[in-house]
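In what follows, a single structure is set out as structure tokens and then discussed.
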Amino acid sequence: MTRQSLDKSVSEGSTERIVPERCLSLTVRGPWGHFRRVEGNIVKQTYRIIPRTTIAGLLAAVLGIGRDEYYDLFGPDASAVAIEPVRELRTVNMPMNTLSTAAGDLTSLNGRGKISIKLPDPTNLRQQHNYEVLVEPAYRIDVWLSDADRFEELASMLDAGKSHYVPSLGLSEHLADIEFHGVFDIEPIDEGAERVEIDSAVPGGFDDVIMDAGHRCQIEESPAFMTADQGGRTTTAFTTYAYNPDAGPLTVSGADAARVGDRTVVFV
């Protein structure tokens, strides 16, 4: 699949959104978060809504699955994810002094008979970059995996408060706290409903969002799916989200929504 919008691929009939029968639900939060936007800029800007690909990487870290080994598990036909910001989305610009981690700037540290590791040379001059950082981000995430064994393993790990790798919100220094809420049955909602209040971000832009004076609405497009290739990995599809930056609901018509507990969400 070449790079394309997931919403476009849905409209072309090549990808269908899945509304599963059950999902596990968790909240990830932390003091800081940074989900770097793919477009280059002097200021490293962040997505406001944690990208679906970042959620896949975070949950793969919980399961102990290595980089470039989990993309099929979270593929469009094998998974469904709904994302709900549960705290106001706000950012600050934060300058950081960094060392280059390019291959040519790494030095090898090799103790005799020990595993060799490469680290940035601490004697090199630092480069200052401006990062746009999310302040106290928090997201409620509902996840379904078609791989029943992995689904149960993930639920068991989250319920026990365990993780193979340290979970983070984008950058490794932005540590994440995970709160597991349990496994929930999913009840689909009639697509013909004229007005539905959606708690999660709404995939597909805001064509179906009913604007009112009480709710703000913003929009952004972020990576949704990846595949492994010879160079490592490639983003294969993006999705566009409409969301309320104040962490409130959006009123939508004709949404492909579902009930999870006492909340209404849209999976992608």
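Of the N and O atoms on the side chains of N93 and E132, not one donor lies less than 3.5 Å from an acceptor on the other residue. In the model, Y47 has no side-chain atom that pairs as donor or acceptor with a side-chain atom of E220 under 3.5 Å. Using modelled atom types and a 3.5 Å distance limit, the side chains of R195 and S253 yield no donor-acceptor pair.
Formation of a donor-acceptor pair under 3.5 Å by the R48 side chain with backbone atoms of T46 is found in this model. The backbone N or O of T264 lies less than 3.5 Å from a partner atom in the side chain of D199, making a donor-acceptor pair. Put simply, the side chain of D212 gets close to the backbone of H215: a donor and an acceptor are under 3.5 Å apart. A donor-acceptor pair is defined here as one N or O able to donate and one able to accept, closer than 3.5 Å; no such pair exists between the side chain of R150 and the backbone of S146. Proximity of a side-chain donor or acceptor of S200 to a complementary backbone N or O of V266 within less than 3.5 Å is detected.
Under the side chain to side chain contact (heavy atoms under 4.5 Å, CB included) rule, L154 has a single partner from L63, L26, D149, which is L63.
Ring geometry, Y131 versus H34: the interplanar angle exceeds 60°, so the pair is classed perpendicular (tilted spans 30 to 60°).
Within the structure, every pair that satisfies the salt bridge (Lys or Arg N to Asp or Glu O under 4.0 Å) test and touches residues 222-248, not counting sequence neighbours, is listed here: R216-D246.
Note that CZ of R263 and CZ of R140 are 4.0 Å apart. Values are rounded to the nearest 0.5 Å.
Other residues, nucleotides and ligands place more than 12 heavy atoms under 6.0 Å from the CD atom of E136.
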